[in-house]
Colleague: 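Before we start, here is the structure in question, set down as structure tokens.
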Number of protein chains: 2
Amino acid sequence: MAKKQVTIVDIAKELNISPSTVSRALKNHPDISKKTVKLVQECAKRLNYQPNIMALNLRLGKNNTIAVIVPEIVHYFFSSIVKGVEEVAFDEGFNVMLFRSKESYERELKITNSLINARVAGVLASLSKETDKYEHFQKILDNNIQLVFYDRICIGIITDRVVVDDYAGAMTAVEHLIHTGCKRIAFYCSPTHLEISKNRRNGYLDALRKHKLPVEKELMFVCDTREQAMELTPKVLAMDNPPDAFFAINDHTATGILYAIKQAGLRVPEDISICGFSGGDLALACDPMLTTVEQHGYEVGKTAAKLLIDKIKGVTHGQFTNRIVKTKLMVRGTTRKV
Amino acid sequence: MAKKQVTIVDIAKELNISPSTVSRALKNHPDISKKTVKLVQECAKRLNYQPNIMALNLRLGKNNTIAVIVPEIVHYFFSSIVKGVEEVAFDEGFNVMLFRSKESYERELKITNSLINARVAGVLASLSKETDKYEHFQKILDNNIQLVFYDRICIGIITDRVVVDDYAGAMTAVEHLIHTGCKRIAFYCSPTHLEISKNRRNGYLDALRKHKLPVEKELMFVCDTREQAMELTPKVLAMDNPPDAFFAINDHTATGILYAIKQAGLRVPEDISICGFSGGDLALACDPMLTTVEQHGYEVGKTAAKLLIDKIKGVTHGQFTNRIVKTKLMVRGTTRKV
DNA sequence: ATTTGGATCGCAAACGTTTGCATTTTAAAC
DNA sequence: GTTTAAAATGCAAACGTTTGCGATCCAAAT
């Protein structure tokens with residue numbers, strides 16, 4: 001039933017030559033005469049020879065697969081990143097394995113362990129929200145596996161990183177709100193132990209300071225899902241001195257805000273402006289369409305993969321590179337014209 | 001620099017026993033005395049031994065990775081599927097490799113070739129839109145690699161399949177429109193050579209027939225993106241006898257329709273109803289929220305992966321199984337109350 | 001006729017496992 | 001003290017490659 005894979009020695013027998021000659025002929029080694037090369041390659045084609053990658057990997061001690069660990073798969077930003085990774089990996093002849101940490105430290109631990117004994121060539125990682133210990137990533141490095149962090153980077157480990165320009169993105173967004181006349185800008189944000197949260201928060205704060213607006217603690221909230229936003233926003237609107245704009249840490253949250261504002265009978269953007277962060281189709285489905293900071297996950301994925309593959313190939317960029325991919329403010333209907 | 005991986009023979013030397021004993025001790029073979037087992041396992045832990053999967057795979061002629069080919073990565077339905085696949089694969093100890101066909105036959109060909117020489121244990125595939133030849137998939141089967149199709153299945157190849165209940169989903173959706181008073185229901189659809197397109201179309205047609213509504217060719221359009229819908233819909237609304245409802249083959253298209261209808265100054269759902277297909281966050285961001293047929297991609301992915309892994313493990317389900325995962329109509333704001 | 005010296009090719013080891021079989025050790029039975 | 005069976009271990013081949021080195025061959029140069 002199970003037809004055996006045809007191997008190099010099958011070809012050798014067929015042609016009455018040695019396996020070494022076949023091996024060399026297959027890769028056009030100069031030692032082999034054009035005649036045998038031709039013979040071997042024809043025979044290989046005829047028998048439908050496919051090199052056994054496992055044997056090859058074992059022999060060479062190499063591996064052509066890279067792993068990407070992603071907190072969530074069904075997520076515009078992260079799936080864009082994976083797309084970018086797959087794209088360059090494919091072109092470079094690498095296979096990509098996908099793992100989902102589910103925002104869980106435990107799971108992340110299991111994944112990294114399985115990666116090191118799968119002997120992958122490299123791994124691209126973004127921390128889970130839970131993660132606050134980093135030995136498992138150090139262990140990856142210790143096992144001579146290349147590692148680069150993207151987005152949710154790990155400052156404890158020295159290795160390459162690629163991040164999105166959260167600070168500048170947030171700053172630009174808030175400045176846009178200010179330029180279009182907003183004075184009291186609320187900020188909905190994730191827990192601040194995450195780097196990205198911290199950076200966006202700083203962008204928000206610095207934009208306010210730069211334009212001499214007061215920063216008010218009561219306008220900053222921990223709120224990063226649509227559901228939370230739908231619950232929180234009515235209360236915020238009922239404040240004595242409610243905000244005239246909302247800046248949300250992601251688009252899902254922004255859609256929740258938008259919904260709540262409409263429910264309250266207020267107009268967007270005439271009464272209140274909204275700006276999101278993240279990008280994706282969601283923003284276009286809103287009415288009015290959502291002004292948001294586009295993150296270019298695809299670019300993040302591509303540059304991270306390039307960095308990793310370069311390291312695997314031994315191309316050195318200096319010991320420790322840190323790439324930042326720019327964000328872009330997409331001005332649409334939830335903010336006023338200037 | 002590069003500290004060598006510790007192997008089974010390292011342990012053997014350390015303990016002055018043979019590699020075979022170490023190998024057996026590590027897996028608690030009954031032939032080995034509890035004393036040596038304990039010794040070996042302690043030593044393994046101490047030296048941080050990690051089995052070399054490549055060597056193991058080569059020896060056993062097996063492989064614990066499965067591949068999933070997906071037409072697009074940044075896509076709610078497909079990423080949900082991938083999530084499901086990763087979930088069960090992880091639990092079963094399999095790694096998943098991800099490939100994106102980009103809806104291109106050429107790319108699909110390259111992918112399948114690289115898969116067969118990577119000797120993966122199995123592959124999950126959904127056809128690209130371009131694909132109309134199937135030898136490359138037959139080739140996978142010929143190389144003793146397990147194969148199961150999901151969603152965009154291939155009827156030319158006999159193997160397991162898991163699909164979404166397109167026919168029933170479409171039928172239910174259209175019946176819902178009819179029950180809420182719609183008489184002239186337009187259908188926006190992908191090119192009909194795709195199975196899913198064909199099935200949804202049949203569901204649409206049969207619902208009309210069942211309720212004695214005329215089927216009118218001029219109400220059926222090839223249109224499956226937001227952009228196309230934004231361009232086409234105004235023309236459709238300008239017809240002599242315009243439709244009072246739209247059924248779209250996916251939610252992106254539905255959002256385009258919604259946009260165009262609002263632009264035309266008509267009300268949804270009072271004047272015109274809309275129903276989409278696909279699910280995801282998009283539907284909730286719309287105003288009003290989009291009534292749509294939820295596809296449960298996560299379930300599709302899970303059952304497909306289970307099927308595949310069972311086949312890999314040699315569990316036989318009968319020769320050729322065909323799973324259908326049910327859809328669910330999510331009634332929201334773009335259709336009227338009954 | 002002998003020596004060179006490329007040009008071709010084959011031998012065998014190596015990568016890290018697993019496993020059938022042979023071998024040694026142990027301990028019990030005589 | 002010998003035999004015997006069972007328990008514990010080791011030998012070596014195998015999985016499919018690659019590659020350093022040595023072997024062979026043939027033509028040209030001496």
Side-chain angles (χ1 to χ4, degrees), chain A residues 2-41 43-44 47-65 93 116-121 143-145, chain B residues 2-41 43-44 47-64 116-121 143-145:
Chain A
K3 41 187 274 193
K4 285 272 281 90
Q5 291 286 356
V6 15
T7 94
I8 257 183
V9 326
D10 293 328
I11 300 184
K13 278 188 192 137
E14 180 90 4
L15 265 37
N16 263 327
I17 57 179
S18 85
S20 11
T21 305
V22 175
S23 172
R24 285 187 255 250
L26 284 173
K27 42 184 58 60
N28 289 308
H29 192 287
D31 270 5
I32 309 298
S33 68
K34 0 269 157 229
K35 188 175 32 154
T36 17
V37 166
K38 187 144 168 282
L39 226 57
V40 167
Q41 299 198 347
C43 183
L47 300 186
N48 187 29
Y49 166 75
Q50 305 281 130
N52 184 319
I53 299 226
M54 300 182 223
L56 200 154
N57 285 346
L58 176 59
R59 177 67 231 267
L60 273 355
K62 290 185 184 177
N63 201 87
N64 69 147
T65 98
I116 94 139
N117 82 27
R119 304 292 205 273
V120 296
N143 279 73
N144 300 308
I145 297 176
Chain B
K3 41 188 275 193
K4 284 269 284 94
Q5 291 287 355
V6 15
T7 95
I8 255 183
V9 327
D10 292 329
I11 301 184
K13 278 188 192 137
E14 180 91 4
L15 263 40
N16 262 327
I17 57 180
S18 85
S20 11
T21 305
V22 174
S23 172
R24 286 188 254 253
L26 284 173
K27 43 183 59 59
N28 288 310
H29 191 288
D31 272 5
I32 307 298
S33 68
K34 2 262 154 237
K35 190 175 28 150
T36 18
V37 166
K38 187 145 166 281
L39 226 56
V40 168
Q41 300 199 347
C43 184
L47 300 187
N48 187 29
Y49 166 74
Q50 305 281 130
N52 183 320
I53 300 226
M54 301 183 223
L56 201 152
N57 285 345
L58 176 60
R59 177 66 233 266
L60 273 354
K62 290 184 183 178
N63 201 84
N64 70 146
I116 94 138
N117 83 25
R119 304 290 205 274
V120 297
N143 279 74
N144 300 308
I145 297 177

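Chain letters run A, B, ... following the sequence lines, proteins first and then strands; every chain starts at 1.
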Colleague: Have a look at B:Thr7 and say if it touches a base, only the backbone sugar-phosphate, or nothing, with a 4.0 Å heavy-atom cut-off.
Modeller: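 Touches sugar-phosphate only.
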Colleague: Using a 4.0 Å heavy-atom cut-off across all strands, classify B:Lys27 as base, sugar-phosphate, or nothing.
Modeller: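 Sugar-phosphate, no base atom in range.
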Colleague: Nearest heavy-atom pair of A:Ile8 and A:Tyr49: which atoms, and what distance?
Modeller: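 That closest heavy-atom pairing would be CG1-OH, 3.5 Å.
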Colleague: What integer distance in Å separates B:Leu26:CG from D:dT9:P?
Modeller: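 One finds 13 Å between P of D:dT9 and CG of B:Leu26, rounded.
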Colleague: Tell me whether the OP1 or OP2 atom of C:dC9 has a side-chain N or O from A:Ser33 closer than 4.0 Å.
Modeller: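 Yes, because at least one side-chain N or O of A:Ser33 sits under 4.0 Å from OP1 or OP2 of C:dC9.
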Colleague: Kindly point out which of D:dT9, C:dT19, D:dG16 is positioned nearest to the side chain of B:Leu58?
Modeller: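 Nucleotide nearest to B:Leu58's side chain: D:dG16.
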Colleague: Any side-chain N or O of B:Thr36 below 4.0 angstrom from OP1/OP2 of D:dT9?
Modeller: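 Checking D:dT9 against B:Thr36, a side-chain N or O does come within under 4.0 Å of OP1 or OP2.
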Colleague: Do you know the tightest heavy-atom contact between B:Pro19 and B:Val9?
Modeller: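 Shortest heavy-atom contact: CG-CG1, 4.3 Å.
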Colleague: Categorize B:Ile8 for me: base, sugar-phosphate, or nothing, with a 4.0 angstrom heavy-atom threshold over every strand shown.
Modeller: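 Touches sugar-phosphate only.
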Colleague: Counting only distance, no hydrogens or angles, is the base of C:dC11 paired donor-acceptor with the side chain of A:Ser20 under 3.5 Å?
Modeller: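 Answer yes: a donor N or O sits under 3.5 Å from an acceptor.
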Colleague: From CD1 of A:Ile17 over to C1' of C:dC9, roughly how many Å is that when rounded to an integer?
Modeller: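 From A:Ile17 CD1 to C:dC9 C1': 9 Å.
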Colleague: Just how far, in rounded Å, is C1' of D:dC21 from NE2 of A:His29?
Modeller: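 Computing the A:His29:NE2 to D:dC21:C1' distance gives 12 Å.
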Colleague: Can you tell me which residue among B:Lys62, B:Arg119, B:Met54 is in a side chain to side chain contact (heavy atoms under 4.5 Å, CB included) with A:Met54?
Modeller: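 With A:Met54 as partner, side chain to side chain contact (heavy atoms under 4.5 Å, CB included) holds for just one option, B:Arg119.
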Colleague: Using heavy-atom distances to pick each residue's nearest nucleotide on DNA chain D, tell me which of A:Gln50 and B:Arg24 is more 5'.
Modeller: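 Its nearest nucleotide being more 5', the pick is B:Arg24.
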Colleague: For a quick check of understanding: with a heavy-atom distance under 4.0 Å over all strands, which category does A:Asp31 fall into, base, sugar-phosphate or nothing?
Modeller: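 Base contact.
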Colleague: At their closest point, which heavy atom of B:Ile11 faces which heavy atom of B:Cys43, and how far apart are they?
Modeller: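 Scanning both residues completely, I find the closest heavy atoms to be CG2-SG, 3.9 Å.
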Colleague: Can you tell me how far C1' of C:dT17 sits from CG of B:Leu60, to the nearest Å?
Modeller: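 Spelled out: CG on B:Leu60 to C1' on C:dT17 is 8 Å.
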Colleague: Run the numbers on B:Asn52 and B:Thr7 for side-chain contact (heavy atoms from CB on, under 4.5 Å), then give the verdict.
Modeller: CA-CA 8 Å; B:Asn52 183 320; B:Thr7 95; over 6 Å; no
Colleague: Using heavy-atom distances to pick each residue's nearest nucleotide on DNA chain C, tell me which of A:Pro19 and A:Lys34 is more 5'.
Modeller: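 Nearest nucleotide further toward 5': that of A:Lys34.
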Colleague: Please give, in whole Å, the distance from C:dG16 P to B:Ile11 CD1?
Modeller: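 Checked: the CD1 to P distance equals 13 Å.
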Colleague: B:Thr21 side chain N/O closer than 4.0 Å to the phosphate oxygens (OP1, OP2) of D:dT9?
Modeller: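 For D:dT9, neither OP1 nor OP2 has a side-chain N or O of B:Thr21 closer than 4.0 Å.
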